[in-house]
Amino acid sequence: MSKQLLHLVFGGELIDPSQIEFSDLSKLDIVGIFPNYAEAEKAWRAKAQATVDNAQVRYFVVHLHRLLEPDPKLVTPQS
């Protein structure tokens, strides 16, 4: 069994398609959390394809495993 590398897929309508700022956070579409990038990409691709006619809507894949286990070189020691 391979290591679980959790990924979150979510999206919503942006205020401006050139920036990442959502027009209404209460209307974010949380697609789900997936055990690996391949599964997350399938879900992302399906949602992105379903909303291709609306340039204001964008979906994202977030690498949750990177947030849960940050690179130790980047973590500063607690004083």
Side-chain angles (χ1 to χ4, degrees):
M1 187 168 141
S2 61
K3 184 177 178 184
Q4 233 178 30
L5 298 174
L6 298 177
H7 292 78
L8 165 69
V9 178
F10 77 101
E13 187 172 317
L14 302 174
I15 293 171
D16 177 349
S18 67
Q19 298 184 19
I20 303 174
E21 188 173 349
F22 295 97
S23 60
D24 186 348
L25 293 177
S26 70
K27 293 183 180 179
L28 284 180
D29 180 13
I30 308 299
V31 180
I33 297 175
F34 300 88
N36 56 55
Y37 183 79
E39 293 296 316
E41 184 182 25
K42 279 195 268 185
W44 167 82
R45 195 170 298 282
K47 283 294 191 170
Q49 194 66 29
T51 58
V52 72
D53 291 335
N54 187 345
Q56 297 293 111
V57 175
R58 184 147 323 136
Y59 281 83
F60 300 89
V61 176
V62 177
H63 301 267
L64 288 180
H65 62 95
R66 292 182 185 166
L67 298 173
L68 296 171
E69 296 179 22
D71 186 341
K73 295 177 279 187
L74 301 176
V75 178
T76 57
Q78 298 288 327
S79 40

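All values below were derived from every heavy atom in this structure, side-chain atoms included, with hydrogens, water molecules and symmetry-related copies excluded. Everything quoted here is computed from the prediction, not taken from an experiment.
Minimum heavy-atom separation, V31 to A43: CG1-CB, 4.1 Å. Here the closest non-hydrogen pair linking P17 and A55 is CB-O, 3.7 Å. In this structure, L14 and I20 approach most closely via the heavy-atom pair CD2-CA, 4.3 Å.
Between Y37 and H7, a ring centre-to-centre spacing shorter than 6.0 Å is recorded.
With sequence neighbours excluded, the residues forming a salt bridge (charged side-chain N to carboxylate O under 4.0 Å, His left out) with R45 are E41, listed by chain and number.
Summarising the geometry, atom CD1 belonging to I15 is positioned 9.5 Å from atom CG belonging to D24; distances are rounded to the nearest 0.5 Å. Rounding to the nearest 0.5 Å gives a distance of 12.5 Å between CG of L5 and CD of E39. We find the CD-CZ distance between Q56 and F22 to be 12.0 Å, quoted to the nearest 0.5 Å. The structure places CG of L25 at 11.5 Å from NZ of K27, a figure rounded to the nearest 0.5 Å.
Cluster annotation: L28 is connected to F60 through the hydrophobic network of ILVMFWY side chains, with a link wherever side-chain heavy atoms come within less than 4.5 Å. Residues I30 and W44 do not share a hydrophobic cluster, defined by chaining ILVMFWY side chains whose heavy atoms lie under 4.5 Å apart. Taken together through direct or relayed side-chain contacts under 4.5 Å among Ile, Leu, Val, Met, Phe, Trp and Tyr, F34 and F10 form parts of separate hydrophobic clusters.
Taking 4.5 Å as the limit, some side-chain heavy atom of L67 sits within range of a side-chain heavy atom of V62. For the pair Y59/D29, a side-chain contact is recorded, criterion being any heavy-atom separation below 4.5 Å from C-beta on.
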